[in-house]
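Predicted, not measured: the structure shown is a model, and the values here were computed from it.
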Amino acid sequence: MTTPSTPVGEMSWNAWGDPDRASALPESVRGLVASVLGVALRDASAVEESALAVPPSVLPAAARDALAAVVGPDHVDLSDAARVRRTGGKSTPDLLRRRAGDVADAPDAVVRPASHAQVLDVLRACAEHRVAVVPFGGGTSVVGGVEPLHPGFEAVISLDLGRMKALLAVDPVSRTATLQPGLRTPEAEELLAAHGLTLGHQPQSYEYATIGGYAATRSSGQSSAGYGRFDAMVLHLRAATPRGTLDLGRSPGSAAGPDLKQLLLGSEGAFGVITEVTVRVRPLPEAQRDEAWTFPDFATGTAALRALAQGGVPPTLVRLSDETETFVNAALSGGQATGGCLAVVAHEGTADQVAARRAETAAALEAAGGTCMGEEPVAQWRHSRYAGPYLRDGLLGAGVLAETLETATTWNRLPDLREAVTEALAGALAVDGTPPVVNCHISHVYPEGASLYFTVAAAGGDDPAGRWERAKRAAGDAIAGRGGTITHHHAVGADHLPWMADEIGDLGVEVLRAVKRTLDPAGVLNPGKLIPPPAPTAAAVAEAPAGDA
């Protein structure tokens, strides 16, 4: 067992990432945003942490004592600072609430187990004392996945897995590694690099997201074309449930019935707490080649990416920005906007592999109407890759609503889906005839289809959270109506519950509820997430007070 030498610190309580990296919106960007949105920016300063009115913990004394007996009194944290930092994730609505000083939903305690056995005992204690449990890894959820909801329960704890951050085993022959869930990605990569290996998983949340979070949400990183989605990397996982331990997955392939580890991958802590994963790893790449390509329009670029995805070995990384995003990115970086759509492409591997695959990719992109722009645009993109959330926070501070959403569908449906979602967002967020800025890019490709990732900037107005809620509803309805998935890699959480029944059908929802009842009979695990609640009965509706039905 080895642990990282340089652990990653905590994120800001009311913003993304490292508080020392936060900054106000640069004047050049303020001018650009004000001009494009047609509004005067304003100061939307956040409440100071010292001014917060944190509600007192209501964790029953008997539950507190039981938890302290499991993890030790020092690891049952009732402090305001710890509870505030576990009040939710990092979506724009999350941050708007906390910037306004709303921490009414702070958990009643932060509990930090150190082992699988301790997690088991914590879950049993919480089930016995009727205390809800919200597993917490990196806290990067943007869909309400770590909100401390506790419907039907008096109290709720945040189960912080940050003490469980070790590389447990490495198998260089099979090229697998066994990792604990609390490892943040840079920590995991540090430990794997000592063995000449890498996970190769790089979502935008890379700096703070955790191994357990990736498994629980079926994460997909920017290099998924080459390394695969995280759930596809998992060979084995171990999970603690209130009923006991699940050890799932023995080999790279099996016909021993349905693959039960898929019940835990993507389960968002609602069925159990993932305490260990064995994943596929790769040798650290010997070489890397980046290139940018430009296409006259999004349709041409989309056809080029489809040719790559269906034509053999795709690049390690490939993504395509639409015309609006290409323009905005160039303006923000101080570069020259040349029109068209920009794609970034990267190949990793041995020098011979990179040379051969790069040549094959270049031939395909040229044949599809692309023009090579060299390495510099990709260098600019990589430089700003992890700065996007900080820019979002700066926009919020200037009264601008900024948020993202994503979906995926098959290639034949992609143009219609993009148009429908763009129109839904534009219609919901226009102000006095001035439309918002709606960017879109293809972020992940498959032989059968691709994902679309939308970024929106609009005037915040007096009720930015309400404006985004209406826009999110319109976009979600457009996605469902055009046959897209409600989420490609952000997960379900609480925010996507309204569309889950449409996605998997009423019978599918019943299956999820049956799994929940079996593994978590008391329903303490991450309530209010993933599984749509039962519709109210006719009797309940009839008995509801006037105006509530």
Could you tell me the separation between the [atom1] atom of [X] and the [atom2] atom of [Y], rounded to the nearest 0.5 Å?
| X | Y | atom1 | atom2 | result |
| --- | --- | --- | --- | --- |
| L248 | R238 | CG | CZ | 11.0 Å |
| T241 | L264 | OG1 | CG | 9.0 Å |
| F327 | N439 | CZ | CG | 10.5 Å |
| M233 | T278 | CE | OG1 | 14.0 Å |
| L530 | L525 | CG | CG | 11.5 Å |
| L246 | L519 | CG | CG | 5.5 Å |

What's the shortest heavy-atom distance between [X] and [Y], and which atoms?
| X | Y | value |
| --- | --- | --- |
| S141 | G144 | OG-N, 3.6 Å |
| W16 | L95 | N-CD1, 4.4 Å |
| K261 | L235 | CE-O, 3.7 Å |
| C440 | L452 | SG-CD2, 3.8 Å |
| H488 | E406 | N-OE1, 2.5 Å |
| A225 | V318 | CB-CG1, 4.3 Å |

[X] and [Y]: side chain donor to acceptor below 3.5 Å:
| X | Y | answer |
| --- | --- | --- |
| T350 | D352 | no |
| T6 | E190 | yes |
| R357 | H347 | no |
| H496 | K472 | yes |
| E403 | S91 | no |
| T185 | Y214 | yes |
| D290 | W381 | no |
| Q222 | R385 | yes |
| S451 | H444 | yes |
| T217 | H490 | no |

Stepwise side-chain contact (heavy atoms from CB on, under 4.5 Å) test for W293 and V345: CA-CA 8 Å; W293 289 77; V345 176; 4.2 Å; yes

Would you say that [X] contacts [Y] through its side chain, given a criterion of any heavy-atom pair below 4.5 Å between the two side chains?
| X | Y | result |
| --- | --- | --- |
| P7 | R184 | no |
| W411 | V445 | yes |
| T198 | E189 | yes |
| F454 | E325 | no |
| L405 | W468 | yes |
| E268 | V492 | yes |
| L512 | M500 | yes |
| V437 | V328 | yes |

Quick one: does any side-chain atom of [X] pair with a main-chain N or O of [Y] as donor and acceptor, under 3.5 Å?
| X | Y | answer |
| --- | --- | --- |
| E147 | G89 | yes |
| R513 | P532 | yes |
| T407 | T485 | yes |
| R306 | G449 | no |
| T210 | G213 | yes |
| E286 | G349 | no |
| E503 | I486 | yes |
| D520 | G272 | no |
| T316 | E348 | yes |
| K529 | L497 | no |

Any carboxylate oxygen within less than 4.0 angstrom of a Lys/Arg side-chain nitrogen, looking at [X] and [Y]?
| X | Y | result |
| --- | --- | --- |
| E207 | R21 | yes |
| K90 | D94 | no |
| E291 | R289 | yes |

Over 12 non-hydrogen atoms of neighbours within 6.0 angstrom of CZ in R250: no

Atom CD of E469: over 12 foreign heavy atoms under 6.0 Å: no

Evaluation steps, side-chain contact (heavy atoms from CB on, under 4.5 Å), between V281 and L192: CA-CA 9 Å; V281 290; L192 291 171; 4.0 Å; yes

Within the 6.0 Å centroid threshold, strictly below: Y227 and H201: no

Without placing hydrogens or testing angles, list every side-chain donor-acceptor pair under 3.5 Å for residues 414-422, not counting sequence neighbours.
from, atom 1, to, atom 2, distance (Å)
D416, OD2, R482, NE, 3.3
R418, NH2, D322, OD2, 3.4
T422, OG1, R418, O, 2.8

Whether Y453 and H489 hold their rings parallel, tilted or perpendicular, with breakpoints at 30° and 60°: parallel

Verdict with reasoning, T92 to R392, per side-chain hydrogen bond (donor to acceptor under 3.5 Å, both in side chains): CA-CA 8 Å; T92 289; R392 184 270 306 262; 3.3 Å; yes

side-chain contact (heavy atoms from CB on, under 4.5 Å) assessment of M11 paired with D18: CA-CA 5 Å; M11 286 196 282; D18 183 353; over 6 Å; no

Verdict with supporting geometry, Q202 and Y386, side-chain contact (heavy atoms from CB on, under 4.5 Å): CA-CA 10 Å; Q202 296 178 317; Y386 301 124; 4.0 Å; yes

Test log, rule side-chain hydrogen bond (donor to acceptor under 3.5 Å, both in side chains), inputs H441 and S321: CA-CA 4 Å; H441 66 259; S321 296; 5.1 Å; no

